[in-house]
Structures are given as structure tokens and as C-alpha cells.
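Take a look at the structure set out below.
Remember, predicted model here, so these are calculated numbers, not experimental data.
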Amino acid sequence: MPAQLSGPQLPATAHMFDQLQLAYVVFDVGGRITEVNDTFVQLSGYKRAQLLGHLYHRLLTPPAQQAERQAHLLSVLRGELPCTDHYELELVTKAGESVLIQWQSQLVRDEQQRITGMWTIGYTLSNPRKTPTPALVPEPMYLREFFDSSHDLILHLSATNLLLFVNRAGQEKLGYTEEELLGRPLTDVVHPYYRAKLLYQLRRLYEGQALNKLETVLLTKAGRPVHLIGSVSCEQQPGQLPSARAVLHDITDRIKAERLQKVYYSIANLAISAHDLPALYGAIHRELGKVIETNNIFIALCDDARTHLQFVYYVDQHAYFEQGDGRPFSLGITEYVIQQGQPLFFTQADLLRLMRTGEMTAFGRLPAVLLASPLSVGDRTIGVLAVQEYDRADLYTPADLDILHFISGQVALAIDRKRQEEYVGRQNARLNAIFESGSQLIWNVDRRGHLVSFNGNYATFYQRRNGVLPTPGLNVLENDIALTDEATRELFRSSYLAAARGESQQFEVHVRVPRYPSVWLSVSLAPIYLTDGSFDEITAQAQDITASKNSQLVLAAQEEKFRSIFESFQDVYYRTDREGRFTILSPSLREVLGYSPLEALSYRIEDFYWQPEQHQLLRQTLRKQGELRNFETQLRHHDGYPVSVLINARRTRFGTEGIARDITEIRRIQDDLRLAKEQAEAASEAKTQFLANMSHELRTPMNGIIGMIDLLSQTPLSGEQADYVDTLGTSSEALMTILNDILDLSKIQAGKMRLNEAPLMLEPLLDRLRALFLYRANQKNLRFTCHLAPGTPAAVITDETRLLQILANLIANAIKFTAQGTVSVVVSSARAEGEYHTLRFAVQDSGIGISATDAARLFTSFTQLDTTPSKAYGGTGLGLAISKELAELLGGNIGVVSDAGEGSIFWFTIRCRVPAQALPEAPPPSSLPRRPPS
């Protein structure tokens with residue numbers, strides 16, 4: 001008799017499971033069968049009596065697995081191993097056929113929770129039978145509870161593909177209530193892309209074709225896809241329509257992970273395959289769209305100092321920026337993410353809260369939801385990758401933020417790598433330019449001495465020595481050095497071989513060149529190491545050191561003299577070990593600090609610093625930069641007072657070395673020079689003030705003299721007297737001009753010249769100049785013209801008086817030094833920057849011209865090119881100097897283009913503004929005075 005299980009009632013009776021065509025088996029604690037249903041009896045091929053009381057695995061399991069499976073079952077029944085909820089197991093029927101069954105098991109316990117047995121139900125995965133189903137009847141309560149405990153989706157479909165039952169896991173996965181699902185067409189929750197295929201598979205299933213595996217995609221209520229895989233069986237009772245029952249496992253996370261992994265590696269390859277950065281950004285957008293929604297996406301990059309932000313990629317349905325736009329670092333969302341340094345999930349409420357607290361400023365329309373992740377490379381944050389949605393706040397979940405953050409690391413690496421590639425490309429171009437533009441001979445060989453590459457200098461040198469140009473692949477050891485003497489050949493050969501072993505070489509060699517003077521070369525050989533520490537090539541550089549080598553040979557013959565020079569070295573040379581103890585000190589230490597070198601060797605270097613923190617600063621600088629130049633500090637003299645020194649030091653393999661120079665005397669000289677400079681400036685100021693005062697004092701009597709001469713000229717005079725009076729007038733006016741020039745020069749030098757800027761019309765200005773100088777030009781039969789170039793503003797704002805002063809000086813000089821031909825004035829616009837213009841005034845003549853040597857002295861005070869006693873051309877030499885100062889005061893400069901006997905072009909520029917409103921027209925030039933300046 002089979003053993004009977006004691007304890008609580010079993011979850012379902014055999015008859016109930018027979019209705020569902022589910023196999024049902026009950027074991028006792030010894031693993032013997034105590035109860036089976038008809039479905040299991042039919043499936044096994046045995047009679048019920050042949051099953052009850054027997055060990056399940058001894059009877060129904062393949063022989064090779066019987067012992068192992070029986071031991072495992074007993075361990076579970078003893079509580080030593082957990083009971084597996086779902087598993088697949090092969091069953092051997094009485095006829096010897098194998099049937100794969102999907103089992104679900106549960107332990108049976110008594111009131112004291114002791115294990116009294118196990119029950120298990122299952123359905124076939126191979127050779128499925130058509131089983132009847134309660135097509136329009138709800139699932140029994142005991143079966144609902146059983147199905148609801150499953151983590152898989154269990155669906156029951158009618159012949160018309162209506163949902164008859166969905167377990168709790170299915171309802172939760174899809175986001176519907178049971179009422180919303182029951183009676184609903186299956187097609188309502190199937191992804192459109194998979195709908196036709198699923199309907200076709202179900203139709204074939206109802207027609208009797210086996211469907212061992214089903215893979216499809218359902219949509220949640222929110223429209224998110226759920227990827228499923230599992231089995232489906234058809235059930236049909238006589239006289240009823242078939243129905244289907246599916247058990248589906250959610251593999252959405254696995255599909256996402258697979259896609260995410262593909263996208264991850266794809267983005268990693270983009271840094272290599274993308275042509276440039278814009279192509280990389282677009283490819284990143286396409287790849288990221290395979291795992292999350294990317295209708296609105298942007299990539300923003302910042303500089304290391306976080307002062308500027310640039311939106312290098314920007315796709316948005318409500319675009320606020322243009323792609324490539326930038327802005328200063330501020331309080332935007334992007335800057336907030338960078339400062340937080342972690343991925344952030346923002347709802348619109350989150351953004352509004354941060355805006356109210358002043359932590360963030362919004363640019364453009366606020367999204368309903370935004371996901372952003374910093375783009376980090378190591379500990380550097382280079383920017384932000386973000387996606388956003390304006391209408392659907394439920395489009396993204398925190399899981400999408402995890403995806404974005406996972407991808408952002410690879411995106412950052414790809415962007416940084418591509419930026420580095422472009423940088424390296426530019427660097428290679430620069431290095432290639434250096435490779436070819438330097439004076440050194442540069443060539444590369446492989447480890448066997450075959451030529452790989454070389455620059456033009458090496459090719460020229462090789463051709464001089466060998467008569468032919470070098471070619472890649474040439475064995476340098478056998479060809480080039482074969483022309484040298486034995487000692488040189490051996491030096492080259494041993495050095496190449498040592499470099500091929502990874503040892504850098506530096507040597508000097510004397511090379512004879514046929515038909516050319518022999519040269520000394522400083523040659524360096526070094527392995528070109530790869531990132532893994534290996535090398536295949538050797539780079540060689542040679543510098544012509546003939547001149548320096550000759551000097552070195554002379555110095556080498558005087559080594560003793562060099563030693564004496566070192567002994568008498570005035571600066572202090574020192575070397576320390578890593579602990580700061582002196583190892584070498586020059587004898588000059590006694591002169592500078594009062595210590596003997598032997599005595600000082602017992603001290604540490606920090607003991608000599610007047611301020612110990614200065615030594616700490618020096619050590620920190622050496623640790624960071626490796627060397628230090630012109631570090632000014634104070635050292636302690638043996639007698640206890642500070643000595644100012646200037647230190648140049650560098651870090652070595654064994655410590656530090658440096659030179660300390662006593663600058664006490666230099667400091668005293670600098671103080672004396674500073675005092676002398678202040679005295680000179682005071683004297684210059686006094687001179688300038690004296691000139692200004694004297695000019696004012698002289699102008700008062702000069703005005704009286706000029707006035708009296710004018711009155712005298714109006715009285716009856718003889719011809720001779722009239723000539724005298726005219727000479728007096730001309731001389732007095734010339735003297736007054738000199739005084740005015742001196743006064744202007746003194747004002748400029750004293751910095752007291754002030755500009756009175758006002759709007760003026762350029763065309764009337766030129767007409768005035770023409771009226772002023774036409775008379776003088778006509779006296780010398782010269783053609784005098786003024787021209788305003790096209791594109792020049794009609795009116796400007798500047799100091800008209802100073803502008804006229806410069807022009808009058810230049811025009812007067814042009815007429816003075818031109819005997820025949822033309823004097824012309826041309827005004828043009830040299831550059832425009834908004835409302836500001838740089839105007840160029842050019843005065844061209846056909847006069848005597850100026851040599852290049854004389855032109856260099858033109859614009860200095862009291863300088864005249866004609867210094868002969870006769871002085872064919874008068875003047876004080878101040879006009880051009882004043883013009884130069886005035887041009888610079890007006891924001892420009894002045895210059896001359898000339899050659900002796902070829903005429904001259906004196907030009908100057910001024911920087912001025914264009915008035916916002918047009919000026920009234922000036923009076924015609926006929927109403928202006930026409931008498932030229934004397």
C-alpha cells in the first residue's frame with residue numbers, strides 16, 4: 001500500500017488538474033509516489049498501481065540521471081536544499097519515449113512546519129497535447145492563486161484571441177487592472193511590429209502545429225515595450241473551440257542589456273570610425289536612440305576652467321539655442337549638473353523648485369522631464385549629455401537615467417578621444433613642420449640599422465658625402481659610415497647597437513665630407529618607445545657643432561685653467577642629496593656667506609635660509625616644475641646677518657643642484673638707479689615746465705611786436721621801409737610759430753595736452769586746407785589737390801584743431817620741399833569697428849625725397865636733415881615731432897614712405913567715431929580765409 005501524507009489538505013485535487021490537462025504527482029518524505037492524476041498516468045504509460053509506492057526517479061528518469069536526481073530530491077525533502085519553484089525535467093515513459101516537462105513544485109508541511117512531502121504539477125514542453133480549457137469560464141480560485149504566485153506572465157486566450165485570464169504578474173507588468181484586461185483583444189497590447197507574426201503563430205497553433213517557443217513584445221499601458229519569451233499550448237475539448245495558454249518570461253532587461261552593450265561598444269568604435277567631431281555627435285545620437293527616446297537631445301562641453309559652455313550638438317523641438325552656440329558659465333541646468341557631478345533626473349516640479357531657490361536659471365521652455373549625466377573622463381568633467389521631453393512626463397524612468405549614465409562614460413571617452421585625435425593631428429602637422437624646418441639632421445632607423453625616414457637636412461648631408469640621395473630601407477651601418485675612418489666607424493657601430501638594445505646614446509664625432517670642410521656633429525640616438533614599453537625604431541639627431549667643438553677642444557687643453565676659474569667663481573654652486581645635505585660647495589661660499597665649504601658640509605640646506613618658509617616654497621616649486629629660475633631670497637651669513645641672493649636650481653636624480661648669486665650690491669645699485677631716475681624725471685619735469693612758462697612769457701611781448709609791426713605797415717612808408725616792415729612781420733610770425741611749437745611739445749611731454757572732440761565734416765575740412773595752401777602752391781607753380789576716398793565717412797568726431805595742425809605741418813613741408821610737380825592729400829578709411837573708424841591721411845609730393853637713413857630720424861625733436869650753414873630750407877625741427885605726438889594722441893601713428901629724389905608720402909592715422917546724426921553742411925570754402933600759414 002502506498003504511504004499516505006499527513007498534514008494539511010493539498011493545494012488542489014488530482015481531478016481539478018486533470019481538467020486543466022496538467023500532470024500532478026505527490027511524494028512522501030522518502031521520495032515515493034503517493035498520488036497521481038489521470039493526466040500523469042496517461043503521460044507515463046503506466047497504470048496507477050504501477051506508479052504508487054515507487055520511487056519516482058527509479059521508475060521515470062533516464063538511467064544516467066536516476067541516482068543524482070533521487071539524491072537531490074531526498075536532500076530537498078530533508079530540508080538540506082531549497083525547493084526549486086520552476087524547472088524542466090525529462091520523463092521516460094513506459095514505452096521508452098522521452099518527454100520534456102516544465103514542473104512547478106511546493107513542499108507540504110504539517111502544523112509544526114515539518115516537511116511531510118512534496119506536490120508538483122507540470123505540462124509538457126515537447127509533443128504538447130491539445131487540452132480542453134474552460135473557454136468562457138474564469139480560472140478556478142485555487143488555480144488563480146497558484147498562477148498569481150508565479151513571476152512569469154500567464155495568459156489564457158480564446159479562439160478569437162480575447163484575453164480570458166492574466167495572472168497578477170502580467171497585470172503588474174502591463175500596468176492594467178484585471179477588469180481592463182479580461183475580454184480585451186490580445187492585439188490591443190501587442191507591439192504593432194510583432195502583431196502580425198503573433199497572430200500567424202496562434203493561427204497555426206489552433207490548426208494543430210506545435211509551437212515550442214514564443215517570443216513577442218507587448219506594450220504597457222504607458223506604451224513601453226515588454227519583451228517576452230516562453231511557451232504556448234493549445235487546449236480543445238470535443239465540441240468546443242480551441243484556446244491557448246501561454247507562460248511567458250519577461251526578458252526586457254536582458255534585451256535592453258544586450259542592446260545597451262551593443263550601443264556601448266558601437267560608441268567606443270565611433271571614435272575610430274567617425275570622420276570628425278560633428279559626425280561623431282550625430283552617430284552618438286543615432287546609437288543612443290536604440291536604447292532610450294532621444295527626440296530632444298543635446299551635448300554640451302565646457303572648458304577645464306568652467307568659464308564657457310558650448311552646445312556642440314543640439315536637437316530639440318523647441319530649440320532655444322543653435323547647434324554650436326555657446327555661453328559663459330552661468331546657473332543653467334547644464335552647469336548645475338556639472339557642479340553636482342552626478343546623473344540627475346529632473347521633473348518640471350524639480351526645475352521650478354530649483355529656480356525658486358535661486359540655484360538654477362532656465363533658458364527656453366521648461367521640459368516635463370529631463371535626464372542629464374555628466375561626461376567624465378577620469379576625474380575631469382568635460383560636459384553633459386542630456387535628453388528631455390516637453391509633453392509626456394512619464395516617458396522616462398530612473399532606469400533610463402541609469403542607461404544614460406552608463407552610456408555617458410563611453411560617450412565622454414569617444415568625444416575626448418576624437419578631440420585628442422584632432423589635437424594630435426594638428427600636433428603632427430606642427431611636428432612635421434619642425435622636423436623639416438630645423439637646422440638639425442634627423443633620421444630614423446629600425447633595430448637592424450635600415451633607414452625608415454629622414455628630413456631634408458639629412459638628405460642634403462648624405463648626398464654631399466655619398467653623391468646620391470638616401471632612400472628608405474638603406475642600411476646606414478653598411479653604406480653611410482663606410483666612408484669614415486676606422487675609429488669613427490666603430491663609434492657609430494657600437495652606438496647603433498647599444499641603441500638597438502634600448503640604451504640612449506649621445507656622442508660627438510668628426511666627419512669628413514668630400515669637397516667640403518669637415519664638420520663636428522653632436523649625435524643622439526634614442527629608442528622610440530611604444531605605449532607597451534617596446535620599441536622597433538631608433539631616432540637619431542645630429543647638430544653641427546663645429547664652432548662650439550673647436551672651442552671645446554681649446555677649453556679641454558686648458559682644464560687646469562678651467563679648474564682655477566671654478567675655484568675663483570664668485571657665485572655659490574651647491575649640490576645636495578635627497579635629504580637636503582650638501583655634497584658639493586664651491587669655495588666662493590666663504591666670500592658670500594663666511595663659511596668654509598668643509599664646515600658647511602655638516603649643515604642641511606634649510607639651515608642657511610633666513611626665512612625657513614622660503615626654503616619650503618623652493619622645494620615645492622622644484623617638486624612641481626623640476627627647476628627654478630631667479631628665485632630671490634635671503635641666506636644667513638656666518639656672522640648672523642641676512643644676505644640677499646638670487647637662486648637658479650633644478651632637481652636631479654640624487655637631490656638638487658643650483659647657483660646662488662649675491663645680489664646685495666646689485667640691490668644697492670638698483671636703489672641708486674631708482675633714485676637717479678626719479679631725479680632725472682624731476683629734472684625733465686622742471687625743464688618741461690620751464691619751456692611752457694618761457695613760451696607763455698615770450699608770447700606776450702611777441703604779440704605786442706606783431707601788433708606794432710601790423711600798425712606800422714598801415715602807415716605811409718617808402719619802398720625800402722615797406723620791405724623792412726614785411727621782413728619784420730615774416731620773422732616775428734616765424735618766431736611765434738616756434739614758440740607755439742615749443743609750447744605744444746611741452747604740453748604733450750607733460751601730459752597736459754587735452755583733446756576737444758567735436759563732430760566735423762571731412763569734405764569741408766579738405767576744402768579749407770585747399771583754400772589755405774592753394775596760394776602758396778600756386779606761387780611755386782605746383783598742382784595741389786585734396787581727395788576723399790570712397791567708403792570714407794562724411795563726418796567724424798575728433799579734435800579738429802589738432803587734426804588741422806598735423807595736416808598743416810605735413811602739407812607745408814610738402815610744398816616747401818617740392819620744386820615742381822604735385823602735392824596731393826588723400827583721406828581714406830583704413831578699418832571700421834562698429835561706430836569707430838581708423839582714418840588714414842596721406843600727403844604725397846614729388847619733391848626731393850628722403851633717404852632711408854634720414855627717414856629714421858625724422859620724427860625726433862629738434863631734428864633737421866639739412867644741417868649745412870646755408871640751410872636751404874628753414875625750420876626748427878619740431879613740426880614732425882609734434883605731429884607724431886598728436887597722431888598718437890588721436891589714437892593713431894605716423895610714418896613716411898620715401899626715397900631720395902623720388903618724392904615722399906607722409907601718412908598718419910587717427911581713431912575716431914562716426915556721429916549718430918548727420919551734421920549740417922559747412923559754409924562754402926570761399927567764405928574761409930585763404931592765407932596759408934607762414
Side-chain angles (χ1 to χ4, degrees), residues 256 259-271 274 276-304 306 308-327 329-330 332-347 350-351 360 362-364 366-390 395-420:
K256 280 188 177 181
R259 290 182 179 177
L260 187 60
Q261 187 177 28
K262 291 179 181 178
V263 170
Y264 185 85
Y265 289 116
S266 177
I267 291 176
N269 293 327
L270 287 177
D276 52 20
L277 281 170
L280 174 63
Y281 300 143
I284 290 172
H285 184 184
R286 290 192 299 273
E287 292 299 323
L288 190 59
K290 296 177 181 178
V291 290
I292 61 174
E293 197 69 43
T294 56
N295 290 331
N296 305 291
I297 180 174
F298 67 83
I299 300 174
L301 301 180
C302 64
D303 56 351
D304 290 338
R306 297 187 182 180
H308 188 76
L309 197 66
Q310 185 176 15
F311 291 84
V312 295
Y313 189 78
Y314 193 86
V315 176
D316 197 283
Q317 64 189 102
H318 301 289
Y320 181 78
F321 298 102
E322 292 292 335
Q323 187 163 299
D325 282 357
R327 69 166 185 250
F329 215 76
S330 57
I333 298 175
T334 306
E335 293 90 332
Y336 184 84
V337 175
I338 292 174
Q339 291 171 348
Q340 295 300 314
Q342 60 184 358
L344 295 174
F345 188 107
F346 294 104
T347 63
D350 295 332
L351 298 175
M360 182 185 295
F363 296 90
L366 282 180
V369 59
L370 183 146
L371 280 63
S373 178
L375 296 176
S376 300
V377 179
D379 58 354
R380 292 188 304 117
T381 299
I382 66 171
V384 168
L385 172 63
V387 294
Q388 53 190 347
E389 169 61 28
Y390 292 95
L395 182 63
Y396 297 116
T397 67
D400 294 320
L401 181 63
D402 294 337
I403 293 174
L404 188 69
H405 181 50
F406 177 74
I407 293 295
S408 66
Q410 195 61 255
V411 169
L413 288 175
I415 292 174
D416 191 60
R417 186 178 305 163
K418 181 57 67 175
R419 291 202 300 183
Q420 290 295 332

Would you say the side chain of Tyr396 lies within less than 4.5 Å of the side chain of Gln388, judging by non-hydrogen atoms?
no
Option among Val369, Asp400, Leu371 that satisfies the side chain to side chain contact (heavy atoms under 4.5 Å, CB included) test with Val387:
Leu371
Quick check for you: to the nearest 0.5 Å, what is the distance between Ser373 atom OG and Ile403 atom CD1?
12.5 Å
Correct closest heavy-atom pair for Gly289 and Thr294 would be CA-OG1, 3.4 Å
Could you check if a side-chain atom of Arg306 sits within less than 4.5 angstrom of a side-chain atom of Thr381, using non-hydrogen atoms only?
yes
Please determine which of Val384, Ile299, Thr334 meets the side chain to side chain contact (heavy atoms under 4.5 Å, CB included) test together with Phe311.
Thr334
Can you see whether Phe363 has Arg327 sitting over its ring - NZ or CZ less than 6.0 Å from the centre and within 45° of the normal?
yes
Do you know the tightest heavy-atom contact between Ile297 and Tyr313?
CG2-CE2, 4.1 Å
Rounded to the nearest 0.5 Å, how far apart are CZ of Arg419 and CG of Asp276?
14.5 Å
Mind checking the OG1-CZ spacing from Thr397 to Phe345? Nearest 0.5 Å is all I need.
7.0 Å
Do Gln340 side-chain atoms and Val337 backbone N/O form a donor-acceptor pair below 3.5 Å?
no
Side chains of Ser408 and Pro343: closer than 4.5 Å at any heavy-atom pair?
no
Say you draw a straight line from CG of Asp316 to CG of Asn295; how long is it, rounded to the nearest 0.5 Å?
10.0 Å
Decide if the gap between the ring center of His308 and the ring center of Phe329 is smaller than 6.0 angstrom.
no
Heavy-atom donor-acceptor pair, Gln310 side chain to Leu301 backbone, under 3.5 Å
no
Could you check whether any side-chain heavy atom of Tyr281 comes within less than 4.5 Å of a side-chain heavy atom of Leu277, counting everything from C-beta outward?
yes
Indicate yes or no: at least one non-hydrogen side-chain atom of Ile333 is less than 4.5 angstrom from one of Phe346.
yes
Looking at His285, I want to see if its NE2 is surrounded by more than 12 non-hydrogen atoms of other residues, nucleotides or ligands under 6.0 Å.
yes
Residue pair Ile415 / Ile284, side-chain heavy-atom distance below 4.5 Å
yes
Closest contact, heavy atoms only, Met360 versus Gly332:
CG-C, 4.1 Å
What distance separates Ile407 CD1 from His405 NE2, expressed to the nearest 0.5 Å?
11.5 Å
Between Asn296 (side chain) and Gln317 (backbone), is there a donor-acceptor pair under 3.5 Å?
yes
Closest approach of Cys302 to Leu309 (non-hydrogen atoms, all atoms of both residues):
CB-CD1, 3.8 Å
Closest approach of Ala414 and Leu280, non-hydrogen atoms and distance?
O-CD2, 3.6 Å
Can Asp416 and Arg380 be said to form a salt bridge (charged side-chain N to carboxylate O under 4.0 Å, His left out), step by step?
CA-CA 11 Å; Asp416 191 60; Arg380 292 188 304 117; 3.3 Å; yes
Within the 4.5 Å heavy-atom criterion, are Leu351 and Pro367 side-chain neighbours or not?
yes
Going by atom types alone, do Tyr390 and His318 pair a side-chain donor with an acceptor below 3.5 Å?
no
Shortest non-hydrogen contact between Ile338 and Gly383, atoms and distance:
CG1-O, 4.3 Å
